[in-house]
Amino acid sequence: MKKGKKLYEGKAKIIYASPQKNLLIQHFKDDATAFNNQKKASIEGKGILNNRISEYILSNLNQVGIKNHLVKRINMREQLVKSVEIIPIEFIVRNIAAGSLSSKLGIEEGTVLDRPLVEYCLKNDELGDPMVSREHILNFNWLNVMDLDWITEECKRINDFLQGLFRGVGIRLVDFKVEFGKTSNDEIILADEISPDTCRLWDEKTERKLDKDIFRKDLGSLVEGYQEVARRLNILHEQSNIKPISFPKPKEVKIKKK
Ligand code: TMP
């Protein structure tokens with residue numbers, strides 16, 4: 001498929017025009033950033049893995065009625081997606097305390113939450129994506145109450161589905177971030193990507209991290225972690241020569257009951 005002009009370049013993806021009306025091409029780069037762009041690297045193969053993993057997750061979500069922007073994967077690094085206007089809120093769902101929940105609120109990493117916790121962050125790199133409340137979202141008309149409530153429920157449905165999907169392959173879904181967009185018909189659908197860049201994924205037995213924390217915290221080979229996720233989801237058919245990874249003895253946090 002012939003790519004049109006570049007419309008937007010983010011930290012991990014590029015959006016191009018496509019020859020088809022209301023459709024765009026989403027290209028996955030190898031670039032990795034953390035801590036609001038303060039830490040950067042190019043990690044060969046990351047884009048290919050995220051393209052495959054996100055395609056797998058979004059097409060499975062579609063099958064259970066969670067509408068999203070994915071039309072189809074078109075090559076190793078690109079997907080055809082529906083054109084949407086991205087809602088400027090990042091929706092974070094947490095099942096186990098980690099990351100900024102632990103560093104900002106002092107909740108010990110590994111603490112299992114009583115119920116999924118949904119957080120909202122304003123999508124604004126210059127401000128460092130600050131956390132905002134439901135009241136901020138309504139007060140500044142970033143969303144109306146009906147749409148905010150609907151998206152919050154949709155996030156919980158996505159969480160239920162993803163928890164099951166990953167539990168089935170021995171992975172704990174610690175938390176994740178999703179974005180939504182509005183189509184030209186004003187329909188709200190899930191957009192962006194769901195991949196180890198946007199989730200925290202811990203091996204159930206060893207608690208080894210299989211997500212972007214490998215890069216954030218210098219825990220080893222990011223590509224090996226992402227390959228392990230793809231291998232367990234059984235989506236690397238044409239690359240069956242990929243070696244299974246031998247896990248080092250865990251020295252990471254233990255899951256704690258509150
Ligand atoms: P946090 O603990 O750093 O707030 O991250 C929560 C989840 O959101 C985690 O799975 C990583 C994901 N995330 C993104 O996808 N993009 C971001 O810019 C940030 C800060 C987090």
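Being a predicted model, the structure only gives us computed values, none of them experimental. Just so you know, these numbers use all the heavy atoms, side chains as well, and skip hydrogens, waters and symmetry mates. First listed ligand is number 1; within each ligand, the first listed atom is number 1.
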Quick one: which ligand 1 atoms are inside 4.0 Å of a heavy atom on [X]?
{"X": "Arg216", "value": "11 (C)"}
{"X": "Thr198", "value": "10 (O), 12 (C), 15 (O)"}
{"X": "Gly99", "value": "2 (O)"}
{"X": "Phe176", "value": "10 (O)"}
{"X": "Arg94", "value": "1 (P), 2 (O), 4 (O), 6 (C)"}

Ligand 1 contacted by Asp197 (non-hydrogen, < 4.0 Å):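 The answer is yes: ligand 1 sits under 4.0 Å from a heavy atom of Asp197.
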
Results of side-chain contact (heavy atoms from CB on, under 4.5 Å) for Asn95 - residues two or more places apart only: Pro116, Asn159, Gln163, Leu173

Proximity winner for atom 12 (C) of ligand 1, if only heavy atoms of Lys177, Arg200, Glu119, Lys212 are counted: Lys177

Among Pro196, Cys199, Ser100, Ser195, closest by any non-hydrogen atom to atom 2 (O) of ligand 1: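 Shortest heavy-atom distance from atom 2 (O) of ligand 1: Ser100.
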
Stepwise side chain to side chain contact (heavy atoms under 4.5 Å, CB included) check, Ile151 with Phe91: CA-CA 9 Å; Ile151 294 175; Phe91 298 84; 3.5 Å; yes

Partner residues of Lys82 under the side chain to side chain donor-acceptor pair (under 3.5 Å) criterion, sequence neighbours left out: none

Aromatic Phe215 / basic Lys39 pairing, under 6.0 angstrom, 45° off normal: yes

Protein contact for atom 20 (C) of ligand 1 (heavy atom, distance under 4.0 Å): no

Contact bool for atom 6 (C) of ligand 1 (protein heavy atom, d < 4.0 Å):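 So atom 6 (C) of ligand 1 has protein heavy-atom neighbours under 4.0 Å.
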
Using a 3.5 Å distance criterion without hydrogens, assess whether the side chain of [X] forms a donor-acceptor pair with backbone atoms of [Y].
{"X": "Asn75", "Y": "Glu78", "answer": "yes"}
{"X": "Lys11", "Y": "Asn37", "answer": "no"}
{"X": "Lys123", "Y": "Ile86", "answer": "no"}

Nearest neighbour in protein (non-hydrogen) for atom 17 (C) of ligand 1: Glu90 OE1, 4.1 Å

Residue and atom name of the nearest protein heavy atom (relative to atom 9 (C) of ligand 1), distance in Å to one decimal: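 Answer for atom 9 (C) of ligand 1: Asp175 OD1, 3.1 Å.
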
Joint cluster assignment, Tyr56 & Leu210, ILVMFWY side-chain distance < 4.5 Å: yes

